[in-house]
Amino acid sequence: MDDTDRYAYVFDFVRSVPVGKVVTYGQIADEVYAARLTARDVGTAMRFAPRDVPWQRVVGAKGYLPIAKRSPELHLQQRRLLEQEGVAFLAGDTYRVDMRLSQWLPEGQSQGSLFDEGTT
DNA sequence: CCGCTGACTCGCG
DNA sequence: ACGCGAGCCAGCG
């Protein structure tokens, strides 16, 4: 693959994320093996994301929003966009998305929490 | 080509 | 549960 196509896999994957769902940087790096990128590179890729890419649906591990640390403004916008799409945040925490409810799992992937659900 | 930075993660205290 | 440091590797000056 050409270097110029490297991020294209990432962008395409993000575009495939349904409204109301989110994916993590690490998940993308792992899922889009064709791009051969690390989670951090996915973050770099998002800076180059075309306008038609729903960047707000990409979150950090555990639903944390890494952008919050660098740009409070982008963090606010991301949170607002996600809330519009119906993505739930953890109660009293504007920095974390409720991954159990909103993480998008491409076909085939099993959600570990389905087994851990009955914790009580 | 070299060194630093960063929209990340994971592991340890 | 939380902060901190190390590892990673592609951009950028």
Side-chain angles (χ1 to χ4, degrees):
Chain A
M1 118 182 62
D2 288 318
D3 292 336
T4 50
D5 296 330
R6 205 165 43 228
Y7 290 167
Y9 287 87
V10 175
F11 299 148
D12 196 52
F13 183 80
V14 176
R15 272 189 282 255
S16 72
V17 179
V19 173
K21 291 293 180 180
V22 300
V23 292
T24 70
Y25 292 92
Q27 181 183 353
I28 294 173
D30 185 59
E31 193 71 21
V32 192
Y33 56 89
R36 306 296 163 80
L37 297 170
T38 65
R40 197 157 201 174
D41 295 324
V42 173
T44 302
M46 295 315 291
R47 291 177 47 226
F48 296 82
R51 295 188 172 281
D52 65 311
V53 173
W55 59 271
Q56 71 273 20
R57 294 175 198 154
V58 182
V59 302
K62 314 297 183 186
Y64 177 66
L65 306 183
I67 187 59
K69 185 173 53 177
R70 308 293 302 186
S71 171
E73 228 172 280
L74 277 177
H75 167 227
L76 177 61
Q77 185 179 1
Q78 180 171 27
R79 185 162 62 96
R80 194 179 59 220
L81 287 169
L82 289 177
E83 286 177 334
Q84 282 178 23
E85 299 179 356
V87 173
F89 281 72
L90 294 180
D93 193 337
T94 62
Y95 290 86
R96 292 173 193 280
V97 167
D98 188 337
M99 296 303 275
R100 194 173 62 84
L101 297 177
S102 302
Q103 181 172 21
W104 181 55
L105 299 170
E107 56 176 295
Q109 285 195 19
S110 62
Q111 186 166 12
S113 56
L114 288 177
F115 300 94
D116 301 329
E117 193 121 23
T119 48
T120 51

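Chain identifiers are assigned alphabetically (A, B, ...) following the order of the sequence lines, protein sequences preceding nucleic acid strands; residue numbering begins at 1 within each chain.
Of all nucleotides listed (B:dT9, C:dA10, C:dG7), C:dA10 comes nearest to the side chain of A:Asp41. Of the candidate nucleotides B:dT9, B:dC8, C:dA10, C:dA10 has the atom nearest to the side chain of A:Tyr7. When distances are taken from the side chain of A:Arg70 to each of B:dC8, B:dA7, B:dC10, the shortest belongs to B:dA7. Comparing C:dA10, B:dT9, B:dG6 by their nearest atom to the side chain of A:Leu37 picks out C:dA10. Closest approach to the A:Thr38 side chain among C:dA10, C:dG11, C:dC8 is made by C:dC8 (side chain taken as heavy atoms from C-beta onward).
When rounded to the nearest whole Å, the span between OH of A:Tyr95 and C1' of C:dA1 equals 17 Å. Residue A:Leu90 contributes atom CG, which lies 13 Å from atom C1' of C:dA1 at whole-angstrom precision. Across the protein-nucleic acid pair, A:Arg40 atom CZ and C:dC12 atom P stand 15 Å apart, rounded to whole Å. Here B:dA7 presents its P atom at 15 Å from CZ of A:Phe11, a figure rounded to the nearest Å. Between the CZ atom of A:Phe48 and the C1' atom of B:dG6 there is a distance of 11 Å, rounded to whole Å. In this structure, CG of A:Leu65 is placed 11 Å from P of B:dC8, rounded to the nearest angstrom. We find that NZ of A:Lys69 is positioned 10 Å from P of B:dG6, with the value rounded to whole Å. Atom pair A:Asp30:CG and B:dC8:P shows a separation of 18 Å (rounding to whole Å applied).
In this structure, A:Tyr64 does not reach the B:dA7 phosphate: none of its side-chain N or O atoms is under 4.0 Å from OP1 or OP2. Phosphate contact (OP1/OP2 of C:dG11, side-chain N/O of A:Arg6, threshold under 4.0 Å): present.
Here the side chain of A:Lys21 pairs a donor or acceptor atom with the backbone of A:Leu101 at under 3.5 angstrom.
Between the side chain of A:Arg47 and the base of C:dG11, no donor-acceptor pair of N or O atoms lies under 3.5 Å.
Remark: of the listed residues A:Gln78, A:Arg80, A:Gln84, A:Glu85, A:Glu85 is the sole one forming a side chain to side chain donor-acceptor pair (under 3.5 Å) with A:Gln56.
Each of A:Gly43 and A:Lys62 has a nearest nucleotide on DNA chain B; the 5'-most of these lies closest to A:Gly43.
With a 4.5 Å cut-off on side-chain heavy atoms, A:Leu74 and A:Gln77 count as touching.
Around the OH atom of A:Tyr95, the shell of radius 6.0 Å holds no more than 12 heavy atoms that belong to other residues, nucleotides or ligands.
For the 3.5 Å distance criterion, the side chains of A:Asp41 and A:Thr44 fail to qualify, holding no donor opposite an acceptor.
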